[in-house]
Each structure stands twice: as C-alpha cells, then as structure tokens.
Amino acid sequence: MLDRILSKRGVLLDLDGTLVEYARNYASFAADLAERFEISDPKSFLEIYHQQIVQDDRVTFRESIERSLQVIGASKPQDFDHLVQISVDQYADGISRLPHTNKLLELLEGLPKAIVSNGPSDMQRAAIASARLHDDFQSILISGDADVAVRKPAAEIFRLACRRLDLPPGEVVMIGDNQLADIEGAQSAGIEALHIDEIISCL
C-alpha cells in the first residue's frame, strides 16, 4: 500500500476526515451561529446556510451568512463583520490534526503535495492555519476559492490540483475519506485514489 503511494511523484489529500477533524460539537457550533446572528427561526436559517456553502461557486462563510440572512428577511447586525470573524475563529479553534496525520506527512515528506477540500474559502483556510498545515503543502485548493469554484467529486478540481503541482494525473495519488467526493471523484480525473483507512492500517 505505502509503496503505491511512494511510487508516485505527487500526492493530493483531502482535509476534513483525512488530515483534521472538528473536535467539538458541530451542532452546537451551528446553534451558536443562529444565536449570534439573532435568528428567530434557527432551523430555516441553518438549512439555507448549508445550501449556500455547498454551491459550485466562489463561496465564503461571510457571504453565505449574509445571503442566508437576506433569504429569511433578517437584518444584518451592525457588528456583522466582527460576528463573522468570531464565528470563523470559533470553528478554527475546534480543528485538530487527526492522530495519524503527523506520521502520514512524515512518510510523504519530499513529495509535492496539495490539499483538495470542499468548503467556504475563509473557513477552510482558517482551519488549515489552525492545524499548522501550510508548510507541508505546495498548493491548497478550496472549492470556495475564487480561482477554483468547483466542488469534489467534479473531475476539474482534481485536474486543477495536478496542474498546480505541474504533474500529470497518472503520476499523482489522491488520499481521502469520502468514497464519492474523494475516491470516485479523483478516479474520474484519471488519478489513483486510496481511502485513508487503508493507509492508516499500514502506518
């Protein structure tokens, strides 16, 4: 298994569930959002918010919250930008590296690597900073980035990651935890893909 990875010239890695986890209660985080922005109907607000953050487009947490408030007809608080920053910081503070991450990155040291992650650009980049992953990767692609704007499992985000590493798909391996988004998505772009569970058992 590990030989299959090391035989490649580059590696793409998913973020959530592969390298990091949200170690706190996400439902509690979502409830805090509704309370922070003084939402009278939290359920509707959160449903709309989740619809906003899974679009194939430039997506930020800030814009998703702003649009969600507009959809439900709620006013934007005067201290909106401050509340957004508090929320992003709260999320990032709950991010931690998974137990196998350090050993995996040691194994992959020397190989060009890119993170390929779905999510709002500002939130995911805050999570990556919190986990101190920047120095381990040559490129970071978030689906919500303005220059990405496409979500896994679309083949294009994987092809873009290969171009960022200046490597052809056949010389790259993708490692992730989601069968559809990570494994099948990468395979649709001509990239060999491995589930993180397969790799953990070999570390």
Nearest-0.5 Å distance, [atom1] of residue [X] to [atom2] of residue [Y]:
X      : Y      : atom1 : atom2 : result
Thr101 : Glu21  : OG1   : CD    : 9.0 Å
Ile200 : Leu104 : CD1   : CG    : 8.5 Å
Leu13  : Asp177 : CG    : CG    : 11.0 Å
Asp182 : Leu15  : CG    : CG    : 10.5 Å
Leu2   : Leu194 : CG    : CG    : 9.5 Å
Lys152 : Ile183 : NZ    : CD1   : 9.5 Å

Is the backbone N or O of [Y] less than 3.5 Å from a side-chain atom of [X], with the two atoms forming a donor-acceptor pair by type?
X      : Y      : answer
Lys8   : Gly170 : yes
Glu171 : Pro168 : no
Asn118 : Ser143 : no
Ser64  : Tyr49  : no
Arg125 : Ile142 : no

Open item on the list: Determine whether Leu133 and Ile140 satisfy the following criterion, side chain to side chain contact (heavy atoms under 4.5 Å, CB included), listing intermediate values before the conclusion.
Closed with: CA-CA 10 Å; Leu133 288 169; Ile140 295 172; over 6 Å; no

TODO: Before giving the answer on side chain to side chain contact (heavy atoms under 4.5 Å, CB included), spell out for Leu69 and Ile39 the whole-Å C-alpha distance, their side-chain angles and the decisive distance to 0.1 Å.
DONE: CA-CA 8 Å; Leu69 292 172; Ile39 305 302; 3.3 Å; yes

Could you check if a side-chain atom of [X] sits within less than 4.5 angstrom of a side-chain atom of [Y], using non-hydrogen atoms only?
X      : Y      : value
Asp93  : Arg24  : yes
Glu156 : Asp56  : no
Pro112 : Gln138 : yes
Leu19  : Ile115 : yes
Ile175 : Ile5   : yes
Ile128 : Val20  : no
Phe137 : Leu108 : no

Open item on the list: Go through it in stages, so that I can follow the logic: the residues are Gln124 and Asp145, the test is side-chain hydrogen bond (donor to acceptor under 3.5 Å, both in side chains), and I'd like the CA-CA distance, side-chain angles, deciding distance and then a yes or no.
Closed with: CA-CA 10 Å; Gln124 293 299 77; Asp145 288 346; over 6 Å; no

- [ ] Flag yes if Tyr26 and Ile65 sit in one hydrophobic cluster, no otherwise; membership is Ile, Leu, Val, Met, Phe, Trp, Tyr, and two members link when side-chain heavy atoms are under 4.5 Å apart.
- [x] yes

List the atom of [X], the atom of [Y], and the distance in Å for their closest heavy-atom pair.
X      : Y      : result
Gly119 : Arg151 : N-NH1, 3.9 Å
Arg62  : Phe80  : O-CZ, 3.7 Å
Ala92  : Ser130 : O-OG, 2.7 Å
Ser188 : Gly185 : OG-O, 2.6 Å
Ser68  : Gln52  : OG-CG, 3.6 Å
Arg159 : Ala189 : CG-CB, 4.0 Å

Task: Neighbour count >12 (heavy atoms, 6.0 Å) for atom NZ, Lys103 - done: no

TODO: Report, as yes or no, whether the 6.0 Å neighbourhood of atom CG on Asp166 holds more than 12 heavy atoms from other residues, nucleotides or ligands.
DONE: no

- [ ] Carefully, step by step, assess Phe61 and Ile53 under the rule side chain to side chain contact (heavy atoms under 4.5 Å, CB included).
- [x] CA-CA 7 Å; Phe61 174 79; Ile53 64 173; 5.7 Å; no

Task: All side-chain contact (heavy atoms from CB on, under 4.5 Å) counterparts of Glu38, not counting sequence neighbours - done: none

Open item on the list: For Asp135, give me all partners under side-chain contact (heavy atoms from CB on, under 4.5 Å), at least two apart in sequence or on another chain.
Closed with: none

Open item on the list: Below 30° counts as parallel, above 60° as perpendicular, anything between as tilted: where do the rings of Phe45 and Phe37 land?
Closed with: tilted

Open item on the list: Closer than 4.0 angstrom, basic N to acidic O: yes or no for Arg67 and Asp57?
Closed with: no

- [ ] For the pair Arg164 and Asp147, find out whether any cationic side-chain nitrogen is under 4.0 Å from an anionic carboxylate oxygen.
- [x] yes

Open item on the list: Under 3.5 Å, is there a donor on one side chain and an acceptor on the other for Asp41 and Ser44?
Closed with: yes

Open item on the list: With salt bridge (charged side-chain N to carboxylate O under 4.0 Å, His left out) as the criterion, how do Arg36 and Asp89 come out once you've worked through the C-alpha distance, each side chain's angles and the decisive distance to 0.1 Å?
Closed with: CA-CA 13 Å; Arg36 186 170 294 132; Asp89 290 345; over 6 Å; no

TODO: Quick one: name the residues clustered hydrophobically with Val148, using the 4.5 Å side-chain heavy-atom rule over I, L, V, M, F, W, Y, and just say none if it's on its own.
DONE: Leu12, Val116, Leu141, Val150, Ile157, Phe158, Leu160, Leu165, Leu167, Val172, Met174, Ile191

- [ ] Kindly determine whether Thr18 and Leu98 satisfy side chain to side chain contact (heavy atoms under 4.5 Å, CB included), including the steps that lead there.
- [x] CA-CA 7 Å; Thr18 300; Leu98 285 161; 5.7 Å; no

